[in-house]
Every structure is written in C-alpha cells, then in structure tokens.
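Worksheet: the structure to be examined is printed underneath.
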Amino acid sequence: MTTAQPLDVQPTPLALLLLGREADPKSERGVECPGDLPAPSDPDLVERARAAKAKLGDKVFVLGHHYQRDEVIEFADVTGDSFKLARDAAARPDAEYIVFCGVHFMAESADILTGDEQQVILPDLAAGCSMADMATAEQVAECWDVLTEAGIAEQVVPVSYMNSSADIKAFTGKHGGTICTSSNAKRALDWAFEQGDPATSKVLFLPDQHLGRNTAVRDMGMSLDDCVVYNPHKPNGGLTVEQLRAAKMILWRGHCSVHGRFSLDSVNDVRARIPGVNVLVHPECKHEVVAAADQVGSTEYIIKALEAAPRGSKWAIGTELNLVRRLANRFAAEDKEIVFLDKTVCFCSTMNRIDLPHLVWTLESLAAGKLVNRIEVDHETASFAKLALERMLALP
C-alpha cells in the first residue's frame, strides 16, 4: 500500500490577501490587522464596544454602511451608502476620529472630504472592494493612451463611479470628469455629454460596466450598440479604433461581485415561486436582470421603496444579503414579504471583514490613545479627487 504524500499546497497571494495576511501594492485593499483581536466568542464584546465608545465620547464618529453586519450597525452613529456616509463625516468637523465601517475606497473618500486634523480609520485594512480593484491607475493611464492614439481622447469625458479608488477619482478630476453614485448616474452622464459637441462626445465609464450600460440604455435611451466594453487585460482594450470611434459609452470591464451573481434565471425563478412578487434590483446588476425587474434603484431607493410599499406586498430584492435580511426583519410587522432574489446566499465578503472583534479592537485602541489603521490619501491625489467629487456636488 502506497503511503499518501502530503500535498504541497501554498495559499495564493489573493487568498492571503482576503485573509488579511498580506499586502498587494497594486490593490485597493490593504493589509492585516496589526493588533491582537478579541475572540469572536468573547461574551463581553458588546459591552466592551459600548464602554470604549462611551470613553471616546464626541471624539469618535462611527459610520456604518448598509451592507455591514447587524452587530456593527448597532454601534454606528449614522448609516447609509458610501457617498452619504462620506458627506456625513465631512459634516462632523469636531470629531477627531472617523471610524468607517465599510471598505477601503469609502474611507478614502471620507479622508478626502474631511478636514486635515481629522483621522479616518478602517477597522480592517483588508476590507476592500473587488470592483474598485478592477481598475488600477496604471491600467486607466494606458487606456487613455489608447484613446489618444485613436484620436478621440479630446472627445472623451471620464465619469467614475463612487466605488473606485482615490487614484481613479484623481484621474477623473485631472481629465475634466466627474464622479457619480448609483442615484445620480444619469445626471452625471447628461453633464458629461454636455461638455462637448453632443454629436461626437463620448464617456469613459469606470469601473462598473453594468451601471454605465444600464444608465445609458434604460435611462437615456441609447442602444446597446452605443456601448463597447474596454478590457484592460487585452491589447487596446480588445477594441478596434473603429469601435472606439463609433461608441458613445466606453465601459470599463468591471463589475460588483455580489450584484453580478444575479441572473435572469433568478428573476424567473422567484416569479414562479412567489406569485405577484415585485422584483427590485440595484443598477449594478446585469442588463438582462435590470430589464426583467419591476423596479431598479440605488440602496437608498430600495429602502425608501420598501418603506412606501403597501402592507402585504411581496418583494424580491437584488442587492447585498445583510441589507435584505435587515429590511425583511424591519418590515415583517407590516406583513411585507421580503426575500433575497437569488437562492444562493451571498454576502459582500470584504465588507463582512468588519466584524465586532475588529470594531472593539479599533475603539479600545483609540480609547487608549493609540491611532490604528489610519486611511490617508496623499495631497496631490486628494486635490484632484476632490475636484471630481465637487463637480458631482455641483450637478443640477
């Protein structure tokens, strides 16, 4: 009998990164938590979090993104989507510490919009965004070179989704573009096309192809043929000069790992299982999913739609599971049936890195006078990124 040899299996760099044990200098995400985390089984975690937060008092302001775990949301001073939270942070200039329970690009945006004396902290530096990682500064610079060689760069206005790194926001600001959210993407695109000749103007939409396509086709009346997808992993983005010149929307090949899971089969299946169900999805979903849905909107839109929904109504929601589950519990008393659109459970894995042990470690460290996990955007990057953000704030 042959003795089985042990497998020589080593974790990949990505696996280590997701575990928070390594750094990737080309990634929007960071590194491991440098301190000793309390055990998740510690029965005193909730009380420890309360005590540390109380000790810090007005010195700390805790932001909680809608996709966070309930155990984290409990300690948030405000909740919201990424841009709302960044603005909330800017509206609290007296808070010395801004603890952002979200992901890396959100904390960067908060640092850009808050005062120099304020310090933005991310409880786990490896809490990143796969979508934001799909567009690096080097890749986007190369794309701009391709557009320049095609003779169309002067006709192109970059529009970058809020879900992007500070580097991409800075590129957008430097090249005359604006940032958008899932709520105001149409207004941002209208503005971008007005910056030049409407007959020849083009938009480079970063980094989520689905939000760009859905906004252009569903909200602005363009055709799918008006859109091309630039793949940064192929020469010239996988496009010919003729394709680039003919397109109105040059969509970056990026997507949300959560919203990208929903399919047309998911929609058809839930309609078969729950007669009379209303399908409500986020615009980061694929175009065929958005086209088959009853309503489409941002995270804030989804919340408001369910608030206004009649008693006894049935809803299938295509967005992150933590939020869907929270909404289902919230509206159960009103006899509103709220289910996750897909049968497969899917949390945002990087958002879920922020858990109660990380939050407790962060708050206790700050209460002890130890600054940890500060997110700081360099001055030049911040200035151009802020320019792009301010253009968005000035949109009509």
Side-chain angles (χ1 to χ4, degrees), residues 14 17 24 26-29 103-105 128-150 152-153 155-172 175 177-182 185 188-189 192 202-218 220 222-264 281-291 318 348-350:
L14 178 59
L17 179 64
D24 180 356
K26 296 183 179 180
S27 172
E28 192 266 341
R29 291 169 290 192
V103 294
H104 197 273
F105 79 81
C129 172
S130 59
M131 181 199 296
D133 283 343
M134 292 176 190
T136 67
E138 294 81 3
Q139 289 172 334
V140 176
E142 183 178 340
C143 172
W144 198 255
D145 288 341
V146 170
L147 301 182
T148 301
E149 290 173 9
I152 61 172
Q155 302 163 231
V156 176
V157 176
V159 175
S160 293
Y161 191 22
M162 192 71 182
N163 298 31
S164 58
S165 69
D167 285 338
I168 301 307
K169 290 183 176 73
F171 168 89
T172 304
H175 290 84
T178 186
I179 307 303
C180 77
T181 68
S182 52
L189 288 179
K202 305 174 186 298
V203 163
L204 171 63
F205 195 90
L206 299 151
D208 180 22
Q209 61 170 307
H210 300 307
L211 177 61
R213 181 182 295 107
N214 290 328
T215 305
V217 176
R218 181 178 182 273
M220 301 178 69
M222 295 186 203
S223 72
L224 290 174
D225 291 337
D226 290 322
C227 307
V228 295
V229 177
Y230 182 95
N231 185 342
H233 302 292
K234 292 185 177 180
N236 298 317
L239 299 168
T240 65
V241 170
E242 290 73 21
Q243 287 175 311
L244 288 168
R245 289 175 177 171
K248 291 186 70 66
M249 292 286 294
I250 302 168
L251 307 170
W252 193 264
R253 190 175 181 270
H255 64 275
C256 170
S257 300
V258 172
H259 292 107
R261 292 179 60 90
F262 300 116
S263 66
L264 187 56
V281 303
H282 195 282
E284 290 176 16
C285 293
K286 298 171 184 174
H287 181 68
E288 58 266 29
V289 174
V290 165
C348 176
S349 59
T350 48

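Keep in mind that what you see is a predicted model, and the values were worked out from it rather than measured. The residues of the chain are indexed from 1 along the displayed sequence.
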With a 4.5 Å limit on heavy-atom distance, are the side chains of [X] and [Y] in contact?
| X | Y | result |
| --- | --- | --- |
| Arg253 | Lys234 | no |
| Ser164 | Leu206 | no |
| Leu244 | Leu147 | yes |
| Val290 | Arg213 | no |
| Phe205 | Cys227 | no |

Does the [X] side chain pair with the main chain of [Y], one donor and one acceptor, at a distance under 3.5 Å?
| X | Y | result |
| --- | --- | --- |
| His282 | Glu284 | yes |
| Lys286 | Ser263 | no |
| Asp167 | Ala137 | no |

Can you see which heavy atom on [X] is nearest to which on [Y], and at what distance?
| X | Y | result |
| --- | --- | --- |
| Asn214 | Pro283 | ND2-O, 2.9 Å |
| Tyr161 | Ser182 | CE1-N, 3.5 Å |
| Asp208 | Met131 | CB-SD, 3.6 Å |
| Gly238 | Gln243 | O-OE1, 4.2 Å |
| Leu264 | Glu288 | CD1-O, 3.9 Å |
| Val156 | Val203 | CG1-C, 4.3 Å |

Q | Set of residues satisfying ring pair (Phe, Tyr, Trp, His ring centres under 6.0 Å) with respect to Tyr230, sequence neighbours excluded | A | Trp252

Q.
Among residues at least two apart in sequence or on other chains, which ones pass ring pair (Phe, Tyr, Trp, His ring centres under 6.0 Å) with Phe262?
A. Phe340

**Q.** Ile250 vs Ile152, side chain to side chain contact (heavy atoms under 4.5 Å, CB included): CA-CA, chis, key distance, verdict
**A.** CA-CA 11 Å; Ile250 302 168; Ile152 61 172; 4.2 Å; yes

(Q) side chain to side chain contact (heavy atoms under 4.5 Å, CB included), that's the test. Do His210 and His259 meet it? Break it down for me. (A) CA-CA 10 Å; His210 300 307; His259 292 107; over 6 Å; no

(Q) With rounding to the nearest 0.5 angstrom, report the CZ to CG distance, Arg245 to Leu239. (A) 13.0 Å

Q. Roughly how far, to the nearest 0.5 Å, is the CG atom of Asp226 from the CE atom of Met220?
A. 10.5 Å

Q: Give the C-alpha distance, both sets of side-chain angles, the deciding distance and a yes or no for side chain to side chain contact (heavy atoms under 4.5 Å, CB included) between Gln139 and His233.
A: CA-CA 9 Å; Gln139 289 172 334; His233 302 292; 3.6 Å; yes

